[in-house]
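These notes are about the structure you will find just below.
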Amino acid sequence: MQKRSISLFSATMLALSSLIGSGWLFGSSEAASVAGPAAVISWVIGAVVIGIVAFNYIELGVMLPESGGMSRYPQYSHGPLVGFIASWANWLSLVALIPIEAVAAVQYMSTWPWKWANWTNDFMQNGQITGKGLIVVFLFMVVFTLLNFWSVSVLTRFTNLISVFKIAIPLLTIILLMSSGFYVENFGSTWHEFMPNGSSPVFEATTVSGIILSYNAFQTVINIGGEIKDPQKNIFRAITISLTVATIIYILLQIAYIGAITPTQLADHGWSGLDFDSPFADIAILLGIHWLAVLLYLDAFVSPFGTGVSFAATSGRTLAAMTLNRRIPKWLGEVDSTYGNPRFAYLANFAVGTLLVMVFRDWSLLASVMATATLIAYATGPVTVMAFRKLRPNYTRPVQSKWMPVIAPVTFVIASLAIYWAMWPTTVQVIFAILLGLPLYMYYDHKNGQISWRRQLQSGGWLLVYLVFLSVMSYIGSKGFNGQDWIKYPYDFFIIIGVSLGFYYWGLASRMADSPDLSDADKLNARV
């Protein structure tokens, strides 16, 4: 029996430590450059998207509490093919977060204004990490990984310690920026001034500006569900509390950022022309609040550091859990006998994260890639939660909403739209990266030989065709999302909504009643 050692407070702090990461340092600036003052709406949309996704996973998480659970649920309900694609996508998104946080810290370092810190100024060039900056990024990633080599108690004490600091600094920034010169006129007096680039960038910003990235960390609680005390109550509580706090902070930060820009700057550059390498620190210096700038430079270490450590833990447990699906090498899931952690998984994630940051040396691009992979994985959640209601109606469900038959298809549609918002070619690049895992899957599937390919395609064909559909829509969609504009906005939205509903019901009908892993789910639920 797995020892449950993480309290509600520690689980909430771990989630908040993940939620308040590099997103707050860059998200407001990136979103405003895309959507102008209407970026405030983008943060609300992002919260709704992730909140409704989380609602599906809360039912799954309390019903089947296990470490790395998000890599297992689709396999239980739809067999190995769907399980592999979903877990591979989720794992890619989690691994990408480790270099994202390291890049954020190094990007802030590159703008240190002090003479003694001139050696950091060439860490960034033309918006990308340089070779020297990469070395520092790798050092951060090494520390993220090593802190997870020891026990869960070390991890939770560390996150409890820094989470208070990570919440306090954004709140202090909000108060000082709003009280030091807040220009209400920046929000505009007309609809056009409030939404200068139209409505489509408001949706675009949720994915490409790091908003989905910023809210994504709710799954930290799901993936450590097997180690949380009283998971039937505390999984729901930890996710609800942490997401609510983070949403309030992020929306207030966006309002503070928009109001802090001087009308002169705005007239000279426009929202898309503002160029801050370290947005809030640069604004604090312009406002003459130098001591705040020093705190922000310090927090540029602490916030990404806490999130990087948390997601090194989450991604390690996710990869270890994937070995239970028998479609990747079993040794990756081996747990250290002394500290109870999957050390080989941590090392593998470090290697993949290193490769990612060498290819994508830009925070916003990494954030967009991560968000798209996450949403593809999340799209299986609503199908899975309703499939379980059909497959196992008598399961113990501590959290069960009578509205789930409506919420689940709505969630699937919203996730599909958010994937589309990532824009061409990011959408198809991420889908291609996910499909690159299929040769590995096919090798181990042939080795295991439990279920025929025909049966797997019957249960998983909907997901493969769905990914093809999203790729095609991304290419032929409206120019606001970088498509060929063969389908104009907002008609592209209508098509995605209608067709996605069809895929949802196809996926639900494709549930695998003879899945060989359902017996494992039965054992988990029997302990609830």
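Please read all numbers here as calculations on a predicted model, not as lab measurements.
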Looking at [X] and [Y], what are the two nearest heavy atoms and their distance?
X: Y183; Y: I261; answer: CD1-O, 3.3 Å
X: W24; Y: P170; answer: CE2-CG, 3.8 Å
X: A238; Y: L8; answer: N-CD1, 3.7 Å
X: A377; Y: A86; answer: CB-O, 3.5 Å
X: L19; Y: S242; answer: CD1-O, 3.4 Å
X: G36; Y: I258; answer: O-CD1, 4.2 Å

Checking side chain to side chain contact (heavy atoms under 4.5 Å, CB included) for the pair L298/I169: CA distance, chi angles, key distance, verdict?
CA-CA 10 Å; L298 175 61; I169 298 302; over 6 Å; no

From [atom1] ([X]) to [atom2] ([Y]), nearest 0.5 Å:
X: L287; Y: L177; atom1: CG; atom2: CG; answer: 6.5 Å
X: I285; Y: S278; atom1: CD1; atom2: OG; answer: 8.0 Å
X: L252; Y: I249; atom1: CG; atom2: CD1; answer: 8.5 Å
X: T173; Y: L296; atom1: OG1; atom2: CG; answer: 4.5 Å
X: K132; Y: N121; atom1: NZ; atom2: CG; answer: 9.5 Å
X: I50; Y: I239; atom1: CD1; atom2: CD1; answer: 11.5 Å

Look at the side chain of [X] and the backbone N and O of [Y], then say whether any donor-acceptor pair between them is shorter than 3.5 Å.
X: S42; Y: V202; result: yes
X: T240; Y: R237; result: no
X: E204; Y: S200; result: no
X: N349; Y: V95; result: no
X: T120; Y: M109; result: yes
X: S209; Y: T206; result: no
X: N186; Y: A260; result: no
X: D268; Y: Q265; result: no
X: S33; Y: W271; result: no
X: S29; Y: F26; result: no

Side chain to side chain contact (heavy atoms under 4.5 Å, CB included) assessment of V369 paired with Q429
CA-CA 8 Å; V369 168; Q429 287 172 341; 5.5 Å; no

State, with a plain yes or no, whether a side-chain heavy atom of [X] is found less than 4.5 Å away from one of [Y].
X: M473; Y: I487; answer: yes
X: Q107; Y: L25; answer: no
X: Y257; Y: L274; answer: yes
X: V428; Y: S474; answer: no
X: V106; Y: F140; answer: yes
X: I255; Y: M178; answer: yes
X: Y504; Y: V383; answer: yes
X: Y250; Y: I211; answer: no

Can you confirm whether more than 12 heavy atoms, excluding those of [X], are under 6.0 Å from its [atom1] atom?
X: F55; atom1: CZ; value: no
X: Q400; atom1: CD; value: yes
X: F182; atom1: CZ; value: yes
X: M358; atom1: CE; value: no

The test is side chain to side chain contact (heavy atoms under 4.5 Å, CB included); show your working for I45 and V49 and say whether it passes.
CA-CA 6 Å; I45 293 172; V49 170; 4.2 Å; yes

Steps toward side chain to side chain contact (heavy atoms under 4.5 Å, CB included) verdict (M124, T130)
CA-CA 5 Å; M124 294 284 297; T130 63; 5.6 Å; no

For W91 and W88, take the angle between the two ring planes, folded into 0 to 90°, and tell me which bin it lands in: parallel under 30, tilted 30 to 60, perpendicular over 60.
tilted

Taking the six-membered ring for Trp, are the ring centroids of W462 and F503 within less than 6.0 Å of each other?
no

Only one of F481, Y475, Y489 passes ring-ring contact (aromatic ring centres under 6.0 Å, His included) with Y420, and that residue is F481

Extract all donor-acceptor atom pairs below 3.5 Å that involve side chains of residues 402-419 and protein atoms in other chains or at least two apart in sequence.
unit_1 : atom_1 : unit_2 : atom_2 : d
T411   : OG1    : N56    : ND2    : 3.0
T411   : OG1    : I407   : O      : 2.7
S416   : OG     : F412   : O      : 2.8
S416   : OG     : Y466   : OH     : 2.6
S416   : OG     : S500   : OG     : 3.2

